[in-house]
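So the structure is just underneath, and the comments pick up after that.
One-based numbering along the sequence shown. Everything quoted here is computed from the prediction, not taken from an experiment.
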Amino acid sequence: MNDLSITIRPEAAGDAQAIERLHERTFGPGRFVLSAYRIREHVEHLLDVSFTARIGTLLVGSVRQLPVTVGETPALLLGPLTVEPPFRSRGIGRMLMERALKEAKDKGHRIVLLVGDEPYYSRVGFKLVPKGRVTMPGPVDAARILVFELVDGAFEGVSGAVAPDWSRARG
């Protein structure tokens, strides 16, 4: 399978059902109680910084980013990032993240947060947020709140609650 060509492309509105089925298979029904999903209930992800991975026409991965604020500071929340189990450990997740972060930077975003495993996400440059500096709705292990500065120093002095960017809330 190493010779299969992976295509990373921007998520299109027509990808929504296939991505939702992928989330069902990989995360199960428990995903809806997670703090990040509580934020997603109120604001749509941004298609221009969300991506899919395909082998031919088969969707094998997805990453989404949605607009949030940390206190008063605009940011993006990365996730969910998911890859079909048979295609994991082939660099697809990393390819999706690198493309998403590059596009976010190119479009003028400055900060990306996520809730995830530091050993995995640190490989692309995410760093642990100092404990107590950022809060999420609901219970979240502080050791899993990570930040990526798209602009050097962008996270300096930023603190507060992570909330949906209400200026982009669903109608």
Closest heavy-atom pair and its distance - [X], [Y]:
X	Y	value
Ala53	Ile8	CB-CD1, 3.6 Å
Ala154	Glu149	N-OE2, 3.2 Å
Gly61	Leu96	C-CD1, 3.8 Å
Ala104	Leu76	CB-CD1, 3.6 Å
Gly56	Arg54	O-CB, 3.6 Å

Examine [X] and [Y] and state if one hydrophobic cluster contains both, with Ile, Leu, Val, Met, Phe, Trp and Tyr joined whenever side-chain heavy atoms are less than 4.5 Å apart.
X	Y	result
Tyr120	Val112	yes
Phe148	Val151	no
Val162	Trp166	no
Leu128	Leu150	yes

Which distance, rounded to the nearest 0.5 Å, do you find between the [atom1] of [X] and the [atom2] of [Y]?
X	Y	atom1	atom2	value
Thr135	Ile145	OG1	CD1	7.5 Å
Asp48	Glu11	CG	CD	11.0 Å
Ser159	Arg133	OG	CZ	6.5 Å
Ser5	Ile55	OG	CD1	8.5 Å
Thr52	Leu58	OG1	CG	11.0 Å
Leu22	Asp15	CG	CG	11.0 Å

Notebook entry, point to check: For Thr69, does its backbone N or O pair with a side-chain atom of Thr73 as donor and acceptor, under 3.5 Å?
Noted result: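 Absent.
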
Does the side chain of [X] reach to within under 4.5 Å of the side chain of [Y], using non-hydrogen atoms?
X	Y	value
Ile6	Phe87	no
Val43	Pro67	yes
Leu113	Leu78	no
Pro10	Leu47	no
Leu101	Phe126	yes
Asp165	Val68	no
Leu66	Glu44	no
Glu98	Lys102	no

Notebook entry, point to check: Do you see a donor-acceptor pair shorter than 3.5 Å between the side chains of His109 and Gln65?
Noted result: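 Checked: His109/Gln65 side chains show no N/O donor-acceptor pair below 3.5 Å.
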
Note to self: Working note: Tyr121 + Lys127, criterion side-chain contact (heavy atoms from CB on, under 4.5 Å); need CA distance, chi angles, decisive distance, verdict.
What the structure shows: CA-CA 8 Å; Tyr121 290 100; Lys127 295 182 174 140; over 6 Å; no

Next item on the list: Just do the side-chain contact (heavy atoms from CB on, under 4.5 Å) check on Thr82 and Arg88 with the steps written out, would you?
Entry: CA-CA 9 Å; Thr82 187; Arg88 291 184 182 160; 4.2 Å; yes

Next item on the list: Please lay out, stage by stage, how Ile111 and Val70 fare under the test side-chain contact (heavy atoms from CB on, under 4.5 Å).
Entry: CA-CA 10 Å; Ile111 299 168; Val70 181; 5.6 Å; no

Notebook entry, point to check: Is it true that Lys107 and Glu103 have a side-chain N and a carboxylate O under 4.0 angstrom from each other?
Noted result: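 Looking at Glu103 together with Lys107, the answer is yes, because their closest N to O distance falls below 4.0 Å.
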
Check: Is the shortest distance from a Lys or Arg side-chain nitrogen in Asp152 or Arg110 to a carboxylate oxygen in the other one below 4.0 Å?
Finding: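 The answer is no: the pair does not qualify as a salt bridge.
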
Next item on the list: Please report the C-alpha distance between Leu59 and Arg21 in whole Å, then the side-chain angles of each, then the deciding distance to 0.1 Å, and finally whether the side-chain contact (heavy atoms from CB on, under 4.5 Å) criterion is met.
Entry: CA-CA 10 Å; Leu59 182 112; Arg21 287 192 302 272; over 6 Å; no

